[in-house]
Amino acid sequence: MSKYTAPPYMNDVLPFPSKKEAWLHTARWRYVESAFRAVCRRYGYREIRTPILEQTELFTRSIGEATDIVSKEMFTFTDRGGRSMTLKPEGTAPAVRACLEHNLFNEHPVLKLYYQGQNFRYERGQKGRYRQHQQLGVEVFGSTDAAIDAEVIQLAMEFYRTIGITEQELHINSVGTPESRKAYLEALRDFTRPNLEQFSQEGQMRFEVNPLRMLDTKDSGDLKLLEGAPNLVDFLDDDSREHFELLQAYLTSAGVPYVIDHRLVRGFDYYTRTAFEIVGKNLGAQSALGGGGRYDGLVAECGGTSTPGIGFGLGMERCMLVLDTLGIELPADDERPLAFVVTLGDEKTVRPVAVKLLSELRAAGIAVDMDYRYKKFGQQARTADELGARYLLVLGEGEIAEGVVGLRDQATKEQRNVPLAEVTQELLALA
RNA sequence: GCGAUUGUAGCUCAGUAGGUUAGAGUGCCAGGUUGUGGCCCUGGAGGUCGUGGGUUCGAGCCCCAUCAUUCGCCCCA
């Protein structure tokens, strides 16, 4: 092992596939990222990029002091100017900050954004959870229309479909306003309190810390005790209830099946109304693909004039892992050369011609490579195979004398001579 | 933050109850075979056994610490 290793629970994504960790291959990442961009573009979203760190206060204020993220998971440090800075643990608050700073909310009353960026959370790693993870997401500001909630949901589901995850289930819920949520919490506490001692240790802990999470248990005993518990939707204010009903109507008319999941809650303080999660089928414990929700109070919390918002986010690493688990084939490595030059015979005669051929082909926009270790035909050909070249360009003293190059199809092993002057056109036609 | 797990060659791993010079497969390099490969044969290089202490006549193996890995919990993406 080398002296230095990647920082704990962070991954290197490599230029070649590995048998053990197939998902840590840049070609696969690029494919998924470009699929995401393509979907966002189709839906009319524009890209925003923000710095990798922000003032710490932006996150403590927006996410909530009591959340795990703020209380124990932030990568925080003091910079040389004495400011407390934090590597961003999530993408929404920085996007809001940037929009406020550049007045985008005023100039673009309805603002549809997408982003792709690294998030950092200082926690113990495990499968699908890393200290640095890439998040793909969208945010829409300026509209409370439930139709935009439906659009964000459809965008997310369409993205998963385009990369081959077709078996998905949409879970929706409404968490209402902070006030209605508070009323519900009291009702839930009142309901569970009489039998509290019968709950699992974990359930009892959640009762204290975050009662909503009691609903999210897998413990069969707890589930039984929760039968007949009050539902959050019954505590919604009229506006939130209507909003939730409208969302369902839009989803239905768009032909998007959904299930209402009363146990679905989101972690951060700033969420309001719509909460949704997309769940993959047949994935077991790692089934949540991504989720999002509405945050009508966040912009005001960050110091702007009250502006509603809704967003969706997904973790790239988990997405890649899911693709692996489902055995979904992605298109071939886009970094493969089209052709690979192989030389035979006297190096001093042949190599200069090969170098010239390479530069001509590259200038014409063809991806082509050669072996720089001056070895036998077989070894050069093997390098070509390892790099995934589709064609071999065989160049020896004989070919040079005739002014041709051998064009060998690696799939069929058929080889024919092509005049040097015509190789570029031939390859362009084959590309 | 809590609980486990693993660390020996580039890669996958073996290494018996502590006992000479630490092994295999694969990959790599060279030759057999200066111009058409992947096979085969022969040879070769490659290790501070994660690191630092300790126990012992003697440690890859036992003990402590430390770093790193992987996995679970909490929570999340």
Side-chain angles (χ1 to χ4, degrees), chain A residues 1-11 16 18-21 63-64 66-74 88-92 116-137 156 200-203 205-206 209-210 212-213 216-219 265-268 277-279 285-292 311-322 340 342-350 371 373-386 389 392-401 406-408 410 413-415 417:
Chain A
M1 208 194 293
S2 62
K3 183 175 173 185
Y4 298 109
T5 56
Y9 311 114
M10 296 191 187
N11 293 304
F16 300 102
S18 79
K19 282 159 237 152
K20 255 182 103 176
E21 307 270 24
I63 298 171
T67 59
D68 278 16
I69 289 182
V70 170
S71 63
K72 62 180 191 186
E73 295 175 0
M74 294 207 300
K88 59 182 173 187
E90 59 101 30
T92 302
Q116 169 186 327
Q118 302 297 337
N119 290 353
F120 300 83
R121 291 183 199 168
Y122 196 94
E123 52 189 338
R124 281 299 272 284
Q126 68 189 60
K127 198 170 187 61
R129 193 184 66 186
Y130 307 98
R131 287 188 178 175
Q132 173 175 352
H133 72 272
Q134 183 169 187
Q135 196 161 81
L136 306 180
S200 64
Q201 205 175 3
E202 193 183 303
M205 196 185 73
R206 286 175 173 178
V209 181
N210 187 351
L212 279 182
R213 294 219 63 85
D216 195 26
T217 183
K218 287 156 201 153
D219 187 287
V265 292
R266 306 244 87 211
F268 307 155
E277 202 166 273
I278 294 160
V279 177
Q286 286 280 327
S287 61
L289 297 171
F312 164 80
L314 71 103
M316 260 300 270
E317 285 79 359
R318 289 190 181 180
C319 184
M320 302 311 289
L321 246 16
V322 166
F340 195 91
V342 169
T343 59
L344 292 168
D346 178 53
E347 286 173 13
K348 290 201 171 88
T349 309
V350 152
D371 196 308
R373 286 179 299 177
Y374 298 10
K375 294 186 300 189
K376 296 192 252 185
F377 177 92
Q379 291 166 309
Q380 294 182 55
R382 206 162 141 185
T383 306
D385 286 342
E386 279 162 11
L392 241 44
L393 293 173
V394 183
L395 200 57
E397 289 165 273
E399 283 79 5
I400 290 171
L407 178 63
R408 183 182 174 95
Q410 286 291 72
K413 300 294 184 225
E414 284 167 15
Q415 184 172 331
N417 282 343

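What you see below is based on every heavy atom in this structure, not just the backbone, and it leaves out hydrogens, waters and symmetry mates. In what follows, chains carry the letters A, B, and so on, assigned in the order in which the sequence lines appear, proteins first and then strands, with residues in each chain numbered from 1. Since this is a predicted model, take the numbers as computed values, not measurements.
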If you look at every strand shown and take non-hydrogen atoms under 4.0 Å, does A:G125 touch a base, only sugar-phosphate, or nothing? base
Would you tell me if any nitrogen or oxygen in the side chain of A:R318 comes within less than 4.0 Å of OP1 or OP2 on B:rC76? no
Residue list, ring pair (Phe, Tyr, Trp, His ring centres under 6.0 Å) with A:F312, at least two apart or on another chain: A:F276
To the nearest angstrom, how far is A:E317 atom CD from B:rA77 atom P? 13 Å
Separation between the P atoms of B:rG44 and B:rC49, rounded to whole Å: 23 Å
Determine whether a donor-acceptor pair (one donor, one acceptor, N or O, separation below 3.5 Å) exists between the side chain of A:Q132 and the base of B:rA77. no
Listed nucleotide nearest any side-chain atom of A:R121, set B:rC75, B:rC76, B:rA68: B:rC76
Answer with yes or no whether the side chains of A:Q135 and A:N119 bring together a donor and an acceptor at under 3.5 Å. yes
In whole Å, what is the span from the OH atom of A:Y9 to the P atom of B:rG72? 12 Å
Short side-chain N/O contact from A:Q134 to OP1 or OP2 of B:rA77, under 4.0 Å: no
Can you build the contact string for nucleotides 31-42 of chain B? Use B for base contact, S for sugar-phosphate-only contact, and - for no protein heavy atom under 4.0 Å. ----BBBB----
Would A:Q410 and A:D385 satisfy side-chain hydrogen bond (donor to acceptor under 3.5 Å, both in side chains), going step by step from the backbone distance to the final call? CA-CA 8 Å; A:Q410 286 291 72; A:D385 286 342; 2.6 Å; yes
What integer distance in Å separates A:K127:NZ from B:rU5:C1'? 15 Å
Got a salt bridge between A:D371 and A:R373, using NZ or NE/NH1/NH2 to carboxylate O under 4.0 Å? yes
Categorize A:R131 for me: base, sugar-phosphate, or nothing, with a 4.0 angstrom heavy-atom threshold over every strand shown. nothing
Answer yes or no: does a side-chain N or O of A:Q135 lie under 4.0 Å from OP1 or OP2 of B:rA77? no
Say you pick atom P in B:rG15 and the same atom in B:rC62; how far apart are they, in whole Å? 12 Å
A:A156 versus A:I278, closest heavy-atom pair with distance: CB-CD1, 3.5 Å
Return no unless some side-chain N or O of A:K20 is found under 4.0 Å from OP1 or OP2 of B:rU12. yes
For RNA chain B, what string of dots and brackets results from 5' to 3' when Watson-Crick and G-U pairs need both distances under 3.5 Å, crossing pairs get [ ], and pairs with another strand get |? ((((.((..((((.....[...)))).(((((.......))))).....(((((..]....))))))).))))....
I'd like to know if A:R124 reaches the base of B:rC75 with its side chain, counting only an N/O donor and acceptor under 3.5 Å. no
Tell me whether the NZ or CZ atom of A:R131 lies within the 45° cone about the ring axis of A:Y122 and under 6.0 Å from its centre. yes
Counting distance only, does the side-chain N/O of A:E317 pair as donor-acceptor with the main-chain N or O of A:Q134 below 3.5 Å? yes
